[in-house]
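In the text below, chain A, chain B and the rest are named by the order of the sequence lines, each starting its count at 1.
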Protein chains: 4
Amino acid sequence: MKSNRPKYHQIIDAAVRVIAENGYHGSQVSKIAKAAGVADGTIYLYFKNKEDILVTVFQEKMGQFIERTIDEINNRKTAIDKLATLIEMHIKQLSSNHHLAIVTQLELRQSNYDLRIQINQVLKPYLTVIDNIIKEGMEEGGFREDLKVPLVRQMIFGTVDEMVTNWVMKECKYDLIGEIPLISELILNGICQKE
Amino acid sequence: MKSNRPKYHQIIDAAVRVIAENGYHGSQVSKIAKAAGVADGTIYLYFKNKEDILVTVFQEKMGQFIERTIDEINNRKTAIDKLATLIEMHIKQLSSNHHLAIVTQLELRQSNYDLRIQINQVLKPYLTVIDNIIKEGMEEGGFREDLKVPLVRQMIFGTVDEMVTNWVMKECKYDLIGEIPLISELILNGICQKE
Amino acid sequence: MKSNRPKYHQIIDAAVRVIAENGYHGSQVSKIAKAAGVADGTIYLYFKNKEDILVTVFQEKMGQFIERTIDEINNRKTAIDKLATLIEMHIKQLSSNHHLAIVTQLELRQSNYDLRIQINQVLKPYLTVIDNIIKEGMEEGGFREDLKVPLVRQMIFGTVDEMVTNWVMKECKYDLIGEIPLISELILNGICQKE
Amino acid sequence: MKSNRPKYHQIIDAAVRVIAENGYHGSQVSKIAKAAGVADGTIYLYFKNKEDILVTVFQEKMGQFIERTIDEINNRKTAIDKLATLIEMHIKQLSSNHHLAIVTQLELRQSNYDLRIQINQVLKPYLTVIDNIIKEGMEEGGFREDLKVPLVRQMIFGTVDEMVTNWVMKECKYDLIGEIPLISELILNGICQKE
DNA sequence: AATGAATGAGTTTTCATTCAT
DNA sequence: TATGAATGAAAACTCATTCAT
């Protein structure tokens, strides 16, 4: 299996670094190969083509991202706690890895339509996690009962995503982690039962 | 002034059409020229380069977009009404022009970093409009007093933008306009004073 | 129409020269472009791709070849005269243009299957000319009446083609034109009525 | 001696199969290795390089081809019989092995100039056999006395070769063996004494 | 102002060959 | 002997931009 061999991860990590530093269009395959310390042709032993590198980068990194988020969420009892945890994890994980944040928020979105479709596939499980929290919250009674799940999910994801993107475009110059409580509160306010 | 000559708008409108139909990477200058009924070289009498066409497309179209939004907002009294109107206008204007929606939500985002920066410049006045509504709402007392303006603005814009993008990626197959009241309510819930 | 513009023929003639001198695989598009005195990209204004250059070279040159042959044949009365003229024209035309002979006898045959099919299409009218002479000869009574046309045509073409190829592979060092009478006689002997 | 080891013939036979099925340019070394059931690197223990495989294929197969032809010819008395036998053997041997026919008539000719030169070396003994039959025939009196040996040999080889090539290009769809008597007669007519 | 033919820089990908195991 | 992962050179083609008319 290819993903067990060390060069596989060498290449993926090099790709994240190179794309973050040079932008999507400035990241020639030869540049990634050099950064990974392999020959140009070696790339093609592990990846079908250049686009495949990008999809795989997203799959691998997003996979870990989602896994860690789920692990953390499972330790929480209420939907409110879970949602707050998801928001916190989302922001913390991207805050702690500037390169990855640049790639996911800016560079990967410059890809063509087909690649975007594939990226959305990878994202789907994450969106499902959000959906489930919303449903749970409505059942528990912590959230309002009249929520339309897809709309709320789009609000949650759209808000957090926009905030991370803004932060990246401002060159990560301010502290995003400190704003997590405010962001959580803002989102939760819109969907929690008013007592 | 260039924008008075007829070919200027011919080219811009052709660009929107061509990009919506062929995607960002399938929109060669020669294709836009052909669609506009002018020679390739003529493009360069009106625009500095290809990027300039794209920025201008966004400026012109977004300019109208913002203008119409402001006009409509000025007829409203309270910040709550104004914000609801902004959300409504945002969705209605993009809902009624699929080509433009495809270009703004999908294709233009595939551009390089520099173009994205310029696009953000164009968006700034719109974001300022949102900021002002928020401030007004806090002063009036309609909104909570402890809001952090940039955060709230990012929530509002992020939510609406995400919803339009989702709609476009689902090929505009469902009715987004019908969801405006729910979206407004969701957003306003998070920021209004609880009585 | 592309074939009226001067660069079209510049490129075709350069291609013949370059291929004859460097061989099929040594003839990069950039080399042909340089020899033609045009930019690499210009090639693609006139030809769909590299293979298209080769097919066109063959079409243009073979077209003239066949035309001249037919013109000359039309001045002869009997099938025997016509066939002798065809053999003479075939050898004379290739003998007088070493570059073209190298390309048709050696280099063009190194092409892939698809190109070979196309080349055969171009050759078809020539083979038909031969077929018609054979039929005429049988009707006139100059040739034996029991000839199988395709077989005889393959003998004629195979013999002449092999002789030109041998001559090219020996680097055109001996006089092929001087052997025309012997070649003609050899071929005619096999197919003429014995008195 | 390399040719005693089993993998040597495995590789050669695999090469014929792979080239016949995939064409000259579709026959990568790795594909031949796989078909032969050996590792890529193993190929280079038996052959200097890719070209060497091809030359060897031709040498081995043509060697057998010529050997069998000579064996058969030795059983004939007159030059006329010998020539008829050679023509018959040539066509029968290629007719009975489509893969080999495809390789010798089509694919191997797509090779570069150097390989073609080497292939001609391999063919030389065969051409000498033809030459000797012609000389014998002239001495015996069966053939005309004024024949120019190289010319006649080129006619014989050119004719038969062209016929086999035509048959292969028509995908071996008609019966070539049935035409052997006609072909022989056609050729012999041109060179035999007229009584 | 308008044209459109010409330019040429720039990049992904393939595949014969090597060599450490 | 045999392996097969790794190498890296090499080339067709696109398309934004120019400039002579």
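Rounding to the nearest 0.5 angstrom, the gap separating the CZ atom in D:Arg116 from the CG atom in C:Leu106 is 5.0 Å.
Atom OH in B:Tyr44 sits roughly 18 Å away from atom P in F:dA20 (whole-Å rounding). With rounding to whole Å, D:Gln28 atom CD is found 6 Å from E:dA16 atom P. To the nearest angstrom, P of E:dT14 lies 13 Å from CD1 of A:Ile43. One can place CD of C:Glu51 at 15 Å from C1' of F:dC13, the figure rounded to the nearest angstrom. The separation between C:Lys50 atom NZ and F:dT14 atom C1' is 17 Å, rounded to whole Å. As rounded to whole Å, 12 Å separates atom C1' of F:dC13 from atom CG of C:Leu45. One interatomic measurement links the two molecules: CZ of A:Phe47 to C1' of E:dT12, which rounds to 16 Å at whole-angstrom precision. Straight-line distance from the CG atom of D:Asn49 to the P atom of F:dA9: 19 Å, rounded to whole Å.
B:Ile53 is not listed as a side-chain neighbour of B:Tyr46, based on a closest heavy-atom distance of 4.5 Å or more. Side-chain contact between B:Leu115 and B:Phe58 is absent, with no heavy-atom pair separated by less than 4.5 Å.
Both C:His25 and A:Thr42 lie close to DNA chain F; mapped to their nearest nucleotides by heavy-atom distance, the more 5′-ward contact belongs to A:Thr42. Toward the 5' end of DNA chain E, the nearer of the two residues B:Asp40 and C:Val38, judged by each one's closest nucleotide, is B:Asp40. Nucleotides of DNA chain E nearest to A:Ser30 and B:Gly41 differ in position, and the one nearer the 5' end is that of B:Gly41.
E:dT21 is paired with F:dA2 under the criterion used here, namely a Watson-Crick or G-U wobble arrangement in which both key atom distances are under 3.5 Å. If you check E:dA1 for Watson-Crick or wobble pairing at under 3.5 angstrom, you find it has no partner at all. Checking F:dT14 for Watson-Crick or G-U wobble geometry (two distances, each under 3.5 Å) identifies E:dA9 as its partner.
Checking the phosphate oxygens (OP1, OP2) of F:dA2, a side-chain nitrogen or oxygen of D:Lys7 falls inside 4.0 Å.
No donor-acceptor distance shorter than 3.5 angstrom exists from the side chain of D:Lys61 to the backbone of D:Ile12, with no hydrogens or angles considered.
Considering only the side chain of B:Tyr46, E:dA2 comes nearest among E:dA2, F:dA16, F:dA2.
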Item to complete: Under the side chain to side chain contact (heavy atoms under 4.5 Å, CB included) rule, what do A:Met169 and B:Ile117 come out as? Steps first, then yes or no, please.
Response: CA-CA 8 Å; A:Met169 292 199 72; B:Ile117 296 291; 4.1 Å; yes
